Amino acid sequence: MRPTLPRSSLALLISCAASVQASDGIELGQVLIQEQEQSELQDARERLNQVPGATNLIDMQRVEQGRVASNQDVLAYQPGVFAQSAGNDGIKLSIRGSGINRAPGSHGSGVYTMFDGLPLTGPGGTPYELFEPLWLSRAEVLRGANGFDRGALALGGAIDYITHTGHDAAPLQVRYELGSRGYAKRQISSGQVLGDLDYYVALTDSEYDGYQEHSSGSSKGIAANVGYRFSPSLETRFYLRYRETENDLAGRLTKAQIKHDPRAANPLYLSRDASRPQPGSTWLGNKTTFFLDEDSRLEAGLVYHDYPMDLREGANRLKVAYSDVSGTLNYFRRDTLFGHESKTTIGWRTTKHLPNSGASEFVRVQSRPDMPVGTRTRDFSYQGSDSVVHVGNELELIPDLWLTSGLAMIYTRRESAVTYPENGGKVSQHDWDYAPRLGLRYDLSPSLQLYGNLSRSVEPPHPWALIWSSPTRVNGLQTQPIEMQNQTATTLELGARGDAPIGSWDLAWYYSDVRHELLAVEIVPGLPAAEFNASPTVHQGVEAGLDSLLWERAAVGKLSLRQAYTFSDFHYRDDDVFGDNRLPGIPMHYYQAELRFDLPSGFYAGLNTQMASKVQVDYANSYPADAYALLGATLGYNAPKQDWQTWIDLRNLTNKRYAATVTPGYNDNGKDVAHSTPGEGFGVYAGVSYSFR
């Protein structure tokens, strides 16, 4: 049964807040919100432009001019980023082929994810239930090795989601979205600066019936942070995120089903009443900054993350306890080295599963007389920790030419044990690994920058994978964990970015030689494939973005075009079984664009498109999902005073039937097997937001 959505609570809060605003006796503090937002956004852009590699900066003000249902909407129109939703909170996210093996509802892999510079990703991967886009002011994407200074060593790099604070939020804001198939989202938020203290708090809930049968869901949550500046040299901020989600699961379909009946559910999922409740995830953090002098500072962070799961997807029910604790310490210094400007970063981060992390499995669909519903079938524990120490330096060799160097060491611990039945086994791994980085950045002119870097990435296996990949089974369940190796890659990246008459542009090329990639592998012939270390693979591609002002007249308006294109060539290198086959799951060509006209009065209208080439659905490349092209449109109004905002967002105007995500199979022998999640059909969404300034 789904949690009851707090409509009455929201209504009461909105009513009370409106009364406070109307009261003559109470005055909400005035904040120059727009100027503060632009200042922080500009500072972030300047920081990212100093990275000798590909990055993305996402302004949530632009994203919120349409439907904001999931993280897919946040990461749209971003070169180098593939993000597609399965119709709920879970998305398939891949940067440079990271996490290519993942299903959209699983914990993410290959991209190190942060909230406000503090860890979210743990040894078990990246859970999705705390991603509420409306809580964000911006997102920063550092593709590949460019997340090095954030302590990110994963192939895909890092994403840092920055929450609103009292400095960039309205004293009171209400927002309401609604649309096709029962979609509705409500939020009320408040943020202010009160002397040396500022705060932000937001309460959000949503519901939807889903595109497929048996794919409805709901969520509710709260985000808050409080910052205090003790002195010009000391400040601190506390963070809270709590969110509950519940999703009925429709399962994956075949190519024929998507073509003829895309709204159907997978019959097996339907018969099992498959669902994934997330009973409540909590993320608590603190970041304290010490400004040691004008040229150096120290940042210390601490995070507690509790994210239990109640998985009812298969024949068994899996109750999982996840709890992590993380610590970070970063030292930044700017000085002169041999007469040249130098910037140094020294950092440490550790994320560790707490001892209560583990799972219990129970029968929920009876298949044997001796194992009725509720029978305990397996208990297992998993422990893991990731500790990274990294040192990086930027040195200006000559004016406008910067040398970037760095070295990171990572210590990983992975332990998995089956404690029930009694004959279960245990595996314990402890590994050191390293990741060097070397790069150059040359500002050829104020409007043209060239860069290149050579790096190594490291991604350890997840503790749970040591169990789920085991070929040893009792009653069909794995009981003897196995050892796995770290996935590593050596990557060369070359690129450029700048401003030209055609617009602001960026272009990057990369080549990654990947060893021990964590893919679906047939460990024992005849048994189902499981995640394990594959033979050598290659990931290479081109990422291009262009934002163009096509026409402008002050009294009439402006016409602009933004485009993002990602070319992805991921393949085996002389595999014994698959030769040089392409890795499945991600389209080779992926293009998004929006043509938009803005009027001086605040009205705007836009047309958008999304195109993807065919996608291989298994490692044998025996069967592809079709290519597709989608069309959409938006119409909206942003009041000049930045108080009113309203919009209509039309999705998939031609009602195209297509596969939004593919979860790869091993070898389907040319058969049409259910590996794909259908994308949503034609939909109409509308929203309104009002900020009391």
Side-chain angles (χ1 to χ4, degrees), residues 1-3 5 69-70 84-92 102-107 128-129 180-184 206-219 244-279 309-320 361-369 371-375 377 468 476-477 528 617-618 623 625-626 652 655-665 668 671-683:
M1 185 174 184
R2 289 192 195 89
L5 297 172
S70 71
Q84 286 292 312
S85 171
N88 50 37
D89 288 289
I91 70 167
K92 186 179 182 73
R102 284 284 171 266
S106 303
H107 283 186
Y128 63 80
E129 60 272 12
S180 299
R181 295 174 283 276
Y183 172 79
S206 67
E207 60 186 348
Y208 50 87
D209 296 332
Y211 179 66
Q212 290 179 263
E213 181 184 1
H214 201 264
S215 64
S216 61
S218 62
S219 71
E244 301 173 12
T245 66
E246 181 164 337
N247 297 296
D248 289 337
L249 300 178
R252 293 179 282 277
L253 302 180
T254 66
K255 181 176 178 177
Q257 287 175 309
I258 289 178
K259 182 177 181 180
H260 298 292
D261 191 11
R263 302 196 66 175
N266 184 298
L268 187 58
Y269 276 64
L270 196 59
S271 66
R272 291 174 173 173
D273 190 22
S275 64
R276 184 171 179 142
Q278 309 285 151
M309 297 187 296
D310 186 1
L311 307 182
R312 308 175 190 181
E313 303 175 32
N316 289 347
R317 179 181 182 183
L318 188 63
K319 300 186 71 174
V320 186
E361 201 163 352
F362 306 88
V363 173
R364 64 183 294 264
V365 179
Q366 185 172 355
S367 59
R368 290 170 40 178
M371 298 184 71
V373 173
T375 301
T377 59
W468 290 98
L477 298 174
V617 300
D618 68 350
Y623 208 88
D626 288 337
N652 195 358
N655 200 30
K656 178 70 176 178
R657 297 179 176 184
Y658 68 102
T661 72
V662 170
T663 303
D668 299 331
K671 299 177 182 178
D672 186 7
V673 180
H675 290 308
S676 302
T677 301
E680 294 187 35
F682 172 69

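Given the structure is predicted, the values throughout are model-derived calculations rather than measurements.
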Euclidean distance, [Y] [atom2] relative to [X] [atom1], rounded to 0.5 Å:
X: T254; Y: H260; atom1: OG1; atom2: NE2; result: 8.5 Å
X: N88; Y: S218; atom1: CG; atom2: OG; result: 11.0 Å
X: F682; Y: S180; atom1: CZ; atom2: OG; result: 6.5 Å
X: L311; Y: S106; atom1: CG; atom2: OG; result: 9.5 Å
X: R276; Y: E313; atom1: CZ; atom2: CD; result: 5.5 Å
X: I258; Y: S676; atom1: CD1; atom2: OG; result: 4.5 Å

With a 4.5 Å cut-off on side-chain heavy atoms, are [Y] and [X] touching?
X: Q278; Y: M309; result: yes
X: L477; Y: N316; result: yes
X: R181; Y: Y208; result: no
X: I91; Y: S85; result: yes
X: Y211; Y: P262; result: yes

Would you mind checking if R312 and D273 are paired as a salt bridge, meaning a charged N to carboxylate O distance below 4.0 Å?
-> no
Is the backbone N or O of [Y] less than 3.5 Å from a side-chain atom of [X], with the two atoms forming a donor-acceptor pair by type?
X: D310; Y: P279; value: no
X: R252; Y: T663; value: no
X: K259; Y: R657; value: no
X: D248; Y: H214; value: no
X: R364; Y: R272; value: yes
X: T677; Y: A660; value: no

What heavy-atom pair brings [X] and [Y] nearest, and what distance separates the two atoms?
X: T377; Y: F362; answer: OG1-N, 4.1 Å
X: Q212; Y: A265; answer: NE2-CA, 4.2 Å
X: T661; Y: P104; answer: OG1-CG, 3.8 Å
X: T245; Y: S219; answer: CG2-CB, 3.9 Å
X: V617; Y: H675; answer: O-CD2, 3.8 Å

Contacts of Y658 meeting ring pair (Phe, Tyr, Trp, His ring centres under 6.0 Å) (sequence neighbours excluded), chain-then-number -> Y628
Which residues satisfy the ring pair (Phe, Tyr, Trp, His ring centres under 6.0 Å) test with Y269, sequence neighbours excluded?
-> none
Salt bridge (Lys or Arg N to Asp or Glu O under 4.0 Å) against K255, all qualifying residues, sequence neighbours excluded = D626
